[in-house]
Structures are given as structure tokens and as C-alpha cells.
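What follows is one structure encoded as C-alpha cells, with my remarks underneath.
The chains referred to below are lettered A, B, ... by the order of the sequence lines, with proteins before strands, and numbering in each begins at 1. What you are looking at is a predicted structure, and each value in this text was computed from that prediction instead of being measured.
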Amino acid sequence: MLDKIGIAKRIAQEVQDGFYVNLGIGIPTLVANYVRNDIEVEFQSENGVLGMGPFPFEGAEDADIINAGKQTITTLPGASFFDSATSFSMIRGKHVDLTILGAMEVAENGDIANWKIPGKMVKGMGGAMDLVASAENIIVAMMHANKRGESKILKTCSLPLTGVGCVTKVVTNLAVLEVRDNAFHLLERAPGVSIEEIQNATEGTLIIAGEIPEMKM
Amino acid sequence: MLDKIGIAKRIAQEVQDGFYVNLGIGIPTLVANYVRNDIEVEFQSENGVLGMGPFPFEGAEDADIINAGKQTITTLPGASFFDSATSFSMIRGKHVDLTILGAMEVAENGDIANWKIPGKMVKGMGGAMDLVASAENIIVAMMHANKRGESKILKTCSLPLTGVGCVTKVVTNLAVLEVRDNAFHLLERAPGVSIEEIQNATEGTLIIAGEIPEMKM
Amino acid sequence: MINKKVKNVQEALQGVESNMTFMLGGFGLCGIPENAISELVKRNVRDVTCISNNAGVDGFGLGLLLENKQIKKMISSYVGENDEFERQMLSGELEVELTPQGTLAEKCRAAQAGFPAFYTPAGYGTEVADGKETRDFDGKMHVLEAAFKADFAFVKAWKGDAAGNLVFKGTARNFNQNMCGAATITVAEVEELVEIGTLDPNNIHIPGIFVQRIFQGKDYEKRIEQRTVRYPNESI
Amino acid sequence: MINKKVKNVQEALQGVESNMTFMLGGFGLCGIPENAISELVKRNVRDVTCISNNAGVDGFGLGLLLENKQIKKMISSYVGENDEFERQMLSGELEVELTPQGTLAEKCRAAQAGFPAFYTPAGYGTEVADGKETRDFDGKMHVLEAAFKADFAFVKAWKGDAAGNLVFKGTARNFNQNMCGAATITVAEVEELVEIGTLDPNNIHIPGIFVQRIFQGKDYEKRIEQRTVRYPNESI
């Protein structure tokens, strides 16, 4: 079974040479730390920066240079700053190659819910609705089940949707799943996790075809 | 009767302090030369410059700094360059206060035709259709009649339209006309021109109310 | 050069009234118009609608207007970094309209550029699209969203000149650029008001035509919401 | 940093074929992609559709492709600065689609930004609106215009770096900025390809994400269409 860092490490393997990548808040932010060093990737943040680097050293923080999580950041050579409309031109115009974000629920048809729990304080969708509506390559980083042990990999989402039919892959603490043809296709098991455990934790339709390898971490 | 420079001089009187002005090709371009020195005006050119200055001195021409008529120009302190979409944001968004352009025909309902003569070579509308569709203050600079003596101040345009119901004022070699309520309202006569001459040269409905002063040049 | 310079924030906010709609630039606390917000608190205009990506934090940014109960409605993409906001929202005192961030940005840009409405795929199939017109383009569904209408836009830039030209720094640009010219009156406050002619005409982010009033701001706090650092020998 | 740099114009134009649709930046002869145009002539691709505000002059710019009869269709706002264009248009050899200039710019921007279509007041009530959907917004009629679809965009910038970041100079910016990212492949030629990290991140007009290939251009003529000057003691 993976922890959050394990999920981030596994997702980092999905990042290919030449990709522009948008990372959501939470586990996705960690992915940047585990991308291979021998490939070139640029990180976009929807508040208006392309070419994000690591956090600044203490004393070098600049209030004018933050990421979408409002964290102080640095930029790498070749970076650029731009306005919000241009930032979403990159996203809506499909110039960003990969979107990685968290979710509360994912359904077998690719629906995603990650912005609202009725009756609770709603923080808003931020840029998530724009991202999932336009991106063609969306990987969700999430726990397979909630704290009460209920599956978050569902037949249909119960929470208000963020986007419809858009998720292409899910990486959880238990498995890597591809979402297509109205089903979750099991691609890999987390280290030490059995197919039965994954099956039990999955409410949505799970397709298990052939040998299912364990993740190579 | 006015010549082209006279028309430009008269239109220059319409330019008010604090106006952003877009000038079309031909007579309108001349207007810039006759605006009072004690007011502040900025000229916008739709190819992407705000704060245009005079033509450059010989030897100082820059192929990268032109106006919409493709003439080499200079810029004044406070000028800015921008892309075509932003330029038309200024125009469509009603940030430009006054548009001055030429016309082949104007109709009493404010329609204007200035881009196409069927059967002849068509050069295109350039930015004229965007300008007339959005500007709220459009002054047309033109000759009252064509070379064959036929009125260009009409009941309805015979040529393909550039815009509908948009012209607010017309300054010709003979008169200043306000366009409203489906009629041309005679405001001023050109020096030495009689009301009868204007009436004879006007095919559209002409309203003559009260004393019609001669232009003060 | 058309002079947009005004003496101070008091002169810049002449005409603001209760029940108006304001746009405020910034992302989180980054690039917010601190001086204009302070003056809005002082003037105590009530029942205003604020269009702003976020709603500040307790005791800073739009949090100040919230504490003072001046805001009737917030239009934002992400809120709830402050407790007072949450309290007012849950009690029903505060009306909240949540809008996808890219849609929020484009509703500003549409107002600036004179487009009445636009089609975006964002929010299709979600409650954001409830009651809105939808349409298929090339097999993909889109939602029709309308341009914003606002009385004042309050933006903050790094540098500016008397002609109203603006230059932003880093990610403090964000919505500030898109809100210029998107309201009836755009008020820009700048960290540094420079002499006319010193800004490079090639590198002006907002030409002065989109700005009605500009003033030299003061006492900027520029708070950091999430101060994150790495350690000297941390590998990345 | 994702490297977009290619060796030369030959490598930059890999994949161009007959019957494709190209976007070409520039206003008149100002800011046109001279190197790409020369290479298109050399490659002799036929029956192409060109989206460009203007169509060059006899013997230069798009006039070169016209002389060689490579263009099937021109989409422009203002044409006819050259005799060969006029001859081909009047004889029916060349198809011409005239589009209002602001609409042309926005059709590029819509393609860049992922908007399928937009409503503009330009052209309403004229033959430009023939056959197009129209709609009333707040009592004003608008025309629905679709985003462009193109295979290649050829743009020319003043400076650029290997990441594809671009900076334009003066009014040579024009449509170049709006065409970046508006086609499947955007090819940028630059007067000066600078070291990565030397362009100020605050003043990049086009972030590299909108550009697929960039190369150091050469032999720029930068012709002036209307050389206008004033005399030393002329008063303005």
C-alpha cells in the first residue's frame, strides 16, 4: 500500500519528456519532486506562471511570486509570468499536456467530484472545472477509500460534479486504474496489495484482464 | 467650400480634451495636424499603437513602427504597443472616444458604405467594420458629392454596407451634418456655401432648423 | 498624453457608493489593491458586490470589508480562507456565487474587450451550468457565460505612469490585468509611479486607455499566505 | 526547460504540405515571417489557404506565393496592395474571404484560447454576416464567428529563446502574438535568438508553451511600404 509520497512517486512516472504539467494542490504538488532528472518538463500554475522551480531558500521569499496554492516559489530560466486569462488560454486551448489533481470521488464514466460537499463549508472550484473540462490527459491522485472505509472509486459520483467524463487515469494508495469504456481497468497493484483487496475497495466496475503487475517504484 | 485640409481642420474642432481618437486613412489622417495644442489627445492605430506622434525625420524611419496606413510614424512619451486582439478590445470595448473615417456613402439612418464597389477590385474593410459597429461617436469625413456630381448623402446607401445606423456626424466640403432621427440635421455651412447649395447636393432628408451659421475656421 | 494621475486614494475613489459592483484584482493576497480596500472600509460603503478570485483572510484583504459587513455578495472561484467569510456564508448573510477561475478571468476580459458573452466548456454538466444555455461545438458541450458588469475595478500594479500605463510583477499580475477596462471606472494603485516616458512602450502590460485614475500607493504590507521555503542542502 | 529550437527554416517547416491552412503574422509588410515565406516558395506547396491580415505586395511577402500560384484561398481584412492578387481574384483563380480586422484577430485568439466561437457586433447588417447566426445582447445585434482552424502558424518575433518565449518590437507585434498557439504547430522565427534566462519573465509577450519550433532567422529585408517623413523644421 502506498502513502501520499508513494502515490506522488508513481504519478511522476507518467510525466513524459516535453510535457507541460499543471499540478493541483495536495498530493499532486509533491509529484514535482519525483520527476526523472533526465527529461525536460515545465510546470504551469494557473495563477500565472510557467516554468516553476522549487521553493525559495529562507529569506528569498517574494510575496509577488507564488503558486496556485499561495505558496512562495521560485522560477527556472525560461520562465514567464502572465495574466489569468492567458493562463486559462493555455489550459482551455489544450496547450497543457497533463493535469494532475486530487478528487473526493471518481466514477467509472470518468466523472470527477472534488469541490463541494453539500451542507459543509464550500471553498470553491478554483481552476479545477476549467482544467478538467479541457485537458485530454487527466490523472487523479487520491486515496482508494475514505476514512470510513467507503470506496471513492464509484459507479456514479454522489457529490456535486466538477467535470463529466474527463478522468483518464487514477492512481490511489492501492492501484493504478485506467478509466475508459465506462469501467476502471486495473493496470497495476501497489506493492503488497492483492487484486482481491483492490476489488473489495472498488465500488465501480473493475476490469481485471490478464496478469496485473505490481508497481515498479 | 472646403478642400480636404479644410474638412480636416473642421473635424479637428470636434476633438475634445482627454479623447482617445482613431483616425482612418485619407482625410482623417490629416486631422491630427490641426488639433488644438492646449488639449491632450491620444491617437490609436488599430495595428497596435497608442500615443502616435508625427512622421519621423528622414533617416529615423523604423520598419517596425507604422500606422494602419502602413506609414512610418513615431510615438510620443507614454505610448504603448500591443497585439491586434488587444487593439480591437480598445475599439470593441468602447475605450476609444472618437472614430473619424472616410465614406463613399452615408444614409439618413446612419448607415455607412465605404469598403466595396461591386464589380470593381475590392480592397477589404480592414478595421472599419469593427470601428463602426462599436464606436458611439463616429464622424465621417467625405465629399458631399461624387465626381459626377451625385450626392453621397443619401436616403439609403446603394453600396454594400460597412455598418448600420452608426454615423453620428458628417463633415463634408459643404456642411456639417448631424445624423439622428432618420435625417441629416444641418448644423453649419462651409464658408461661402448657401443653404440652397447644400440642399441641392443632399439626396437624403435634410432638416434645416433656425439660423444655420457658417463654420468658424 | 492624457493625464490619469490623481493625488491620493481618497480622490481615486470619488464616486464609490453603496450597492455598487466592484472588481478587485489579486490572487489570494498576491497583488491585491491594499490602498483601495482600506479606503472602502473607511468610506463604509454598504451592500456591495465584489468580484474577486478570492475573499482575503481574516483581518486582511477583503476580509476587512467582510468584518465590517459591507459585502452583500461575493463572486469568486475559491473562498473560505477566513472564518468570518464562512460564518456569514453559512448564516446566509453573505450571498456567494462560485465561478470557475478561467471563466471568472474571461468574464473580465470579455467586459474589457466588448464581448457580451462567450462559450466555455468549463462547468458543463455541473451545477455551475444550471439555468445557463449550453451548446455543442464540434461534439463538445459548452456553457454560455456573460461578461461582467461592474462600476469600479480596483487594481494594483508594480509600476505605472501618469498616462495610466501599467506594468505588473511576477504572479501579482493575475486578474489585475484582465480587470482593467472591464468596469466603468478603473482605478489603479501602483507601488511606483514613474515619470512619463520611462516605461518601455514594448513592455507595457496595460495601455493607459484601460485606466481612468492612477495614484501612488503607500504602506504596502504584501503579506504572504503560505510562506514555504526549502532548506539549504535540500535536493530538488 | 523544454527545448523548441530547431537548426534552420528547413527543419522548422518539416511537415508542411499542399492543401494545408497556414496563419501568417504581420500587418502589411511589418512583422511578416520572411524566412518561412521564402521556404514555402522553395517547397512549392500548392493549393494552400492563407490566413493573414494582408496579402503582401508584388514581389514580396505573400506576393511571392501568389506569383507562384501556390495560394488557393486568402482570408484577410485588407488586400489588393498588389496587381497579381487583383488579377487572380478577378479571374476567379484565387478565392478571397474578407473578414473584419478585429474579427480576424479574435478568430486567432479564440483558437489559441480554446473558444469555439464568439459574438461580435462587427459586420452585423453587412454581407459579412450573410449566412451567419446573429443574436441580440442588451439591444445590440451580434454575429457569431468561429475560431480559426489551421495546420501551421508562421510568426516572426524580435527576440526569442530556446524555450519558445517571444518578445516583439513596436507594431511588428500585431497578429503575430495572436497566432501563436492558434494552429496545430506554431513556428517562430526571430531576429535574435538569445540565451535562455536573458529575457525578463515579466516581459515575455508569448510564453513558450504556445510555440512548437523556433529558429534564428536571417537576411531580413524589413521593407517599408509607405516611407513617410517630416521635414526638419516642419511644425506638428
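Using a 4.5 Å cut-off between heavy atoms, Asn165(C) touches chain B through its side chain atoms alone. Heavy-atom distances place the side chain of Leu50(B), and not its backbone, under 4.5 Å from chain C. Contact of Ile209(C) with chain B is made through backbone and side chain together, with heavy-atom distances under 4.5 Å. With a 4.5 Å cut-off on non-hydrogen atoms, Val49(B) does not touch chain C at all. Both the backbone and the side chain of Tyr20(B) come within contact range of chain C, each with at least one heavy atom under 4.5 Å from a heavy atom of that chain.
Between Phe175(C) and Phe27(C), the ring-plane angle classifies as parallel under the 30° and 60° cut-offs. Ring-plane geometry between Phe22(C) and Phe154(C) is classed as perpendicular, the angle between the planes exceeding 60 degrees on a 0 to 90 degree scale with a lower cut at 30.
Between His142(C) and Tyr124(C), the distance from one ring center to the other does not fall under 6.0 angstrom.
Residues Ser76(C) and Asn53(C) have side chains that never bring a donor and an acceptor to within less than 3.5 angstrom of each other. Using a 3.5 Å distance cut-off with no hydrogens or angles, the side chains of Asp47(C) and Ser18(C) do not pair a donor with an acceptor.
Interface summary for chain B: among Pro207(C), Ala113(C), Gly114(C), the most heavy-atom pairs under 4.5 angstrom belong to Ala113(C). Among Gly51(B), Ala85(B), Gly18(B), Ser134(B), the residue making the largest number of heavy-atom pairs under 4.5 Å with chain C is Gly18(B). Ranked by heavy-atom pairs under 4.5 Å with chain C, the list Arg92(B), Lys94(B), Gln44(B), Glu40(B) is led by Arg92(B).
Side chain of Thr29(B) to backbone of Gly24(B): a donor-acceptor contact under 3.5 angstrom is found.
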